[in-house]
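Notes to accompany the following structure.
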2 protein chains.
Amino acid sequence: MTSFTEENYLKIIYMLTEQNGGSEVSTNELAEHTQTKAASVSDMLRKLAEKNLINYRKYQGVTLTKEGQHIALSVIRKHRLWEVFLVEKLGFGWDEIHDIAEQLEHIDSKELTEKLDKFLGNPQFDPHGDPIPDAKGKMPSMSSHKLSEIAVDQTVVMVGVTVHSPAFLQHLDKNNITLGCSIRIQEVSEFDKSFTIILNNTQSVFVSNEVAKNLLVK
Amino acid sequence: MTSFTEENYLKIIYMLTEQNGGSEVSTNELAEHTQTKAASVSDMLRKLAEKNLINYRKYQGVTLTKEGQHIALSVIRKHRLWEVFLVEKLGFGWDEIHDIAEQLEHIDSKELTEKLDKFLGNPQFDPHGDPIPDAKGKMPSMSSHKLSEIAVDQTVVMVGVTVHSPAFLQHLDKNNITLGCSIRIQEVSEFDKSFTIILNNTQSVFVSNEVAKNLLVK
DNA sequence: ATTAATTTTTAGGTTTGTCTAAAAATTTGA
DNA sequence: TCAAATTTTTAGACAAACCTAAAAATTAAT
């Protein structure tokens with residue numbers, strides 16, 4: 001059996017490994033993301049290694065084993081499916097759902113997950129544009145770019161965000177930037193790399209470079 | 001804060017108090033229902049009493065305080081709302097939902113509970129006919145009788161069950177006895193108090209007294 | 001009304017997941 | 001390259017929720 005806490009570690013290791021481009025995750029990195037101390041992380045890593053859920057060489061950081069990856073993907077699948085439910089069915093905003101999904105992701109019932117998936121119409125992406133792994137752990141793929149890397153006059157579609165903080169998401173709401181909206185780049189400032197964009201062919205909106213770096217488009 | 005485990009104790013105390021007609025719940029009773037030993041229950045009762053969630057006089061059993069009752073009702077509300085969701089929206093059978101709802105009832109978000117309630121159309125009763133308390137803890141009332149106490153030739157409506165075991169519920173399914181169906185009592189056996197009933201004015205079905213005692217009708 | 005049986009509580013331990021402080025290993029940089 | 005800084009691990013403790021065994025209180029029965 002895998003406890004609530006163990007599942008959280010595996011999920012975080014998975015996500016940080018992705019962010020690191022596949023290389024080992026360090027103890028300190030994990031301590032930050034689990035809101036605990038490095039000593040506690042060391043304890044847990046020893047335990048997860050004993051259960052063969054992670055590859056652990058002391059002082060060298062960790063990666064997930066096949067089995068650890070499988071559990072992590074199942075937790076991520078549940079998290080993202082519940083986020084779709086919260087937004088599509090219950091009417092939550094995309095800035096309100098993270099903490100609730102953090103709880104729901106640990107509900108243990110394969111039948112529930114699969115019925116929920118079907119009820120939601122087998123969505124491929126969650127309300128932030130993150131891919132939802134299927135029951136076998138396969139991620140739908142989608143090539144995307146940061147808005148900050150797109151050239152003037154191009155027209156693209158908003159497909160995701162790389163930051164999920166309520167403050168960032170609310171900022172996008174305030175500027176009518178939503179998943180699926182069309183974006184034409186009207187102007188990029190030489191000075192601060194900020195963007196002036198045309199939203200849905202109608203509205204002109206100002207986007208700082210800080211924001212543009214965290215918007216994924218296609 | 002109230003832990004998962006504490007919430008479970010409060011919920012079970014609430015239900016056993018109801019069953020006992022309002023009188024104190026004993027340590028042994030709680031041990032049975034929490035699947036733990038009496039010694040563990042004693043520990044927890046001391047703790048819950050310290051938090052003013054129960055009235056506890058050593059050796060005399062316990063009742064809930066106002067605050068304890070409030071938490072218990074909130075857990076029961078969530079349990080029953082999620083059961084409605086599982087059956088009405090996801091297509092689970094009424095015999096499959098208990099264990100999943102036992103997990104979902106501890107998800108901590110008032111906004112979620114209220115949006116779920118609205119999404120489900122503010123249901124008053126769950127798929128077993130149990131009343132769903134409102135956000136303030138008020139139970140909808142419904143007078144009902146055991147089928148075993150109804151006289152020959154009467155026609156009634158099935159409104160609930162007093163046992164939730166999968167075996168019992170599956171037995172009802174097999175005999176087409178569902179919530180809301182109409183039941184006319186054709187015959188009651190002198191010998192074993194078993195019933196022959198007419199379901200929905202069409203089908204004749206045999207019902208043992210053991211089953212009739214656990215069917216609520218109106 | 002005592003003794004016997006039952007129930008409940010206390011005492012002392014275990015496991016899980018956390019902590020602080022200190023020791024050990026690794027990395028940095030002069 | 002080797003000493004200083006940083007990171008990681010170990011050691012020893014703690015709280016929550018459970019356990020077993022034994023003591024204390026209550027209830028039942030002769």
In whole Å, what is the span from the [atom1] atom of [X] to the [atom2] atom of [N]?
X: A:Met44; N: C:dC19; atom1: CE; atom2: P; value: 11 Å
X: B:Gln35; N: D:dC19; atom1: CD; atom2: P; value: 10 Å
X: A:Glu32; N: D:dT7; atom1: CD; atom2: C1'; value: 13 Å
X: A:Asn8; N: C:dT16; atom1: CG; atom2: C1'; value: 15 Å
X: B:Glu50; N: D:dA16; atom1: CD; atom2: C1'; value: 13 Å
X: A:Asp43; N: D:dT7; atom1: CG; atom2: P; value: 19 Å
X: B:Leu30; N: C:dT7; atom1: CG; atom2: C1'; value: 13 Å
X: B:Leu48; N: D:dA16; atom1: CG; atom2: C1'; value: 12 Å

With no hydrogens and no angle check, just 3.5 Å: does a side-chain donor-acceptor pair link A:Asn214 and A:Thr162?
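On atom types as modelled, these side chains qualify, holding a pair under 3.5 Å.
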Are B:Glu29 and B:His33 linked by a side-chain donor-acceptor pair shorter than 3.5 Å?
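No.
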Looking for any heavy atom pair under 4.0 Å, which part of the strands does B:Ser42 touch: base, sugar-phosphate only, or nothing?
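The residue B:Ser42 makes base contact.
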Would you classify A:Thr27 as touching base, sugar-phosphate or nothing, given that sugar-phosphate means primed atoms plus P, OP1 and OP2, and contacts are heavy atoms under 4.0 Å?
sugar-phosphate
Does a side-chain N or O of [X] approach OP1 or OP2 of [N] to a distance below 4.0 Å, or not?
X: B:Ser26; N: C:dT7; result: no
X: A:Thr36; N: C:dT18; result: no
X: A:Tyr56; N: D:dT9; result: yes

Each nucleotide in nucleotides 1-6 of chain C should get exactly one letter: B, S or -. Can you fill that in based on protein heavy atoms under 4.0 Å?
------
Going through the distances and angles, do B:Trp94 and B:Leu172 end up as a side chain to side chain contact (heavy atoms under 4.5 Å, CB included)?
CA-CA 11 Å; B:Trp94 65 349; B:Leu172 297 183; 3.8 Å; yes
Selection from D:dT9, C:dT20, D:dC18 that lies nearest to any side-chain heavy atom of A:Lys37:
C:dT20
Donor-acceptor pair, [X] side chain versus [Y] backbone, under 3.5 Å?
X: B:Glu7; Y: B:Ala72; value: no
X: A:Glu83; Y: A:Ala101; value: no
X: B:Lys78; Y: B:Ile107; value: yes

Every protein N/O lying under 3.5 Å from an N/O of nucleotides 24-29 of chain C:
from: C:dA25; atom 1: O4'; to: A:Tyr59; atom 2: OH; distance (Å): 3.4

Closest approach of A:Phe125 to A:Pro140 (non-hydrogen atoms, all atoms of both residues):
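Closest approach of A:Phe125 to A:Pro140, heavy atoms only: CZ-CB, 4.3 Å.
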Proximity of A:Tyr14 and A:Tyr9 rings by center, below 6.0 Å:
no
Using heavy-atom distances to pick each residue's nearest nucleotide on DNA chain C, tell me which of A:Ala39 and B:Arg46 is more 5'.
B:Arg46
Between B:Asp134 and B:Arg77, does a salt bridge (charged side-chain N to carboxylate O under 4.0 Å, His left out) hold up when you go through it step by step?
CA-CA 7 Å; B:Asp134 71 16; B:Arg77 170 169 168 77; over 6 Å; no
So do A:Gln69 and A:Leu53 actually touch side chain to side chain, heavy atoms under 4.5 Å?
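The answer is no; the side chains never approach within 4.5 Å.
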